[in-house]
Amino acid sequence: MSYDKPEPGLDSGKRKLKYLLLEKDNRVCADCSAPEPKWASANIGVFICLKCCDVHRSLGSHVSKVLSVTLDDWDDDQIDSMIEVGGNAAANSIYEACIPEGVSKPGPDASHEERSKFIRAKYENEDFLEPSLRIMSNSSDRDSPKRSSSQKFVDDLRSSSSKNTQEAMVVFIGILKVKVIEGRNLAVRDVRTSDPYVLLRLGEQEVYDQDTFSADDIMGEAEVDIQPMVTSAMAFGDAGMFGDMQIGKWLKSNDNCLTEDSTVNIIDGKVKQKMTLKLQNVESGEMDLEIELMPLDS
């Protein structure tokens, strides 16, 4: 069955959610690979089929908050969480990181008992997490509502904005390497009498090439949302252990300066993201960038 683009009448939040559902890995259920999932666990960040949805509901909303993609009302936080997790591939890289031998995922035609056993082990008991994540999960306050492991990554990233820049860089994202690939239709500036530069914001950091010997002449500015890259990188851990693959995405919207969706990829064992940005607060200009996440121990 073909997938149509989201209809124009949808609000921006629902449109983002439906675009996320169009991603290849989100076109099948995260738990049994049944095609065309129409349900989602908003706090875990996965799209699921109706049969697996019944099991998720039995876990309780403190473990899995189930919503219909088309019928239920979603608030902005729920939609943002789904987008920041990145969908089924990113979430499964956390929840299915260490499936032991002898345990296999249920298929689309699996019985309710098979689904229930696997899904409870996967999300309720978190049996398939990497050991380090298992320890983090079990050490949480038992009296507080349970958060999914994928949601912990999102919450940690959001809380980092309240910390100073150096701490956030060290604890969460390491070092970001920025490479300018190409600029197009840039605003005309006189380089003989001024110092033209573009201001780039990445989280709490501002990046620009500006000297102190000539008059400043800004050629525009742009802001990069680094959370999709950082969330994906944290979910996959050591990128050198994986082949080339897409692990996340930053979606174009009216609220950012992307000209098209930007994917996060593992390429030759490195986490990289290419993007095309429309420069803001200037008469014209676009810029192609590539950012790379450099681990602190590299």
Participant: Sequence neighbours excluded, which residues qualify as salt bridge (Lys or Arg N to Asp or Glu O under 4.0 Å) partners of D54?
Facilitator: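 If we apply the salt bridge (Lys or Arg N to Asp or Glu O under 4.0 Å) test to D54, skipping adjacent residues, the hits are R57.
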Participant: List in chain and number order the residues that pass salt bridge (Lys or Arg N to Asp or Glu O under 4.0 Å) with E96, two or more places apart in sequence or in another chain; answer none if no residue qualifies.
Facilitator: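 Testing E96 for salt bridge (Lys or Arg N to Asp or Glu O under 4.0 Å), a comparison that skips the adjacent residues, returns K105, K122.
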Participant: Among L21, L20, I44, V46, which residue satisfies the side chain to side chain contact (heavy atoms under 4.5 Å, CB included) criterion with M82?
Facilitator: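 Per the side chain to side chain contact (heavy atoms under 4.5 Å, CB included) rule, the option paired with M82 is L20, out of L21, L20, I44, V46.
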Participant: Test of understanding: with side-chain contact (heavy atoms from CB on, under 4.5 Å), list the residues that count as partners of S104, not counting sequence neighbours.
Facilitator: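 side-chain contact (heavy atoms from CB on, under 4.5 Å) list for S104, sorted by chain: empty.
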Participant: Identify which one of P108, C52, C53, P106 satisfies the side chain to side chain contact (heavy atoms under 4.5 Å, CB included) criterion when paired with C29.
Facilitator: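 Only one option passes, and that is C52.
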Participant: Salt bridge check, E182 against R184: does any charged N sit closer than 4.0 Å to a carboxylate O?
Facilitator: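 Salt bridge: yes.
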Participant: Check side-chain contact (heavy atoms from CB on, under 4.5 Å) between K177 and all other residues, then give those that pass, not counting sequence neighbours.
Facilitator: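 In terms of side-chain contact (heavy atoms from CB on, under 4.5 Å), with neighbours along the sequence ignored, K177 is linked to E292, M294.
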Participant: Assess whether atom NZ of K249 is packed by more than 12 heavy atoms of other residues, nucleotides or ligands within 6.0 Å.
Facilitator: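 Counting other residues, nucleotides and ligands, NZ of K249 exceeds 12 neighbours.
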Participant: State, without any angle test, whether D31 and Y123 hold a side-chain donor-acceptor pair at a distance under 3.5 Å.
Facilitator: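 Looking only at side-chain atoms, Y123 and D31 do form a donor-acceptor pair, the distance falling under 3.5 Å.
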Participant: Which donor-acceptor pairs under 3.5 Å do side chains of residues 267-279 form with protein atoms, sequence neighbours excluded?
Facilitator:
{"unit_1": "Q273", "atom_1": "NE2", "unit_2": "S262", "atom_2": "OG", "d": "2.9"}
{"unit_1": "T276", "atom_1": "OG1", "unit_2": "D288", "atom_2": "OD1", "d": "2.7"}

Participant: Does atom CG of D73 have more than 12 heavy-atom neighbours from other groups under 6.0 Å away?
Facilitator: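 Not more than 12 within 6.0 Å, no.
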Participant: Tell me, which pairs form a ring pair (Phe, Tyr, Trp, His ring centres under 6.0 Å) where one or both residues lie in residues 242-285, sequence neighbours left out?
Facilitator: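 Those involving residues 242-285 are F236-F242.
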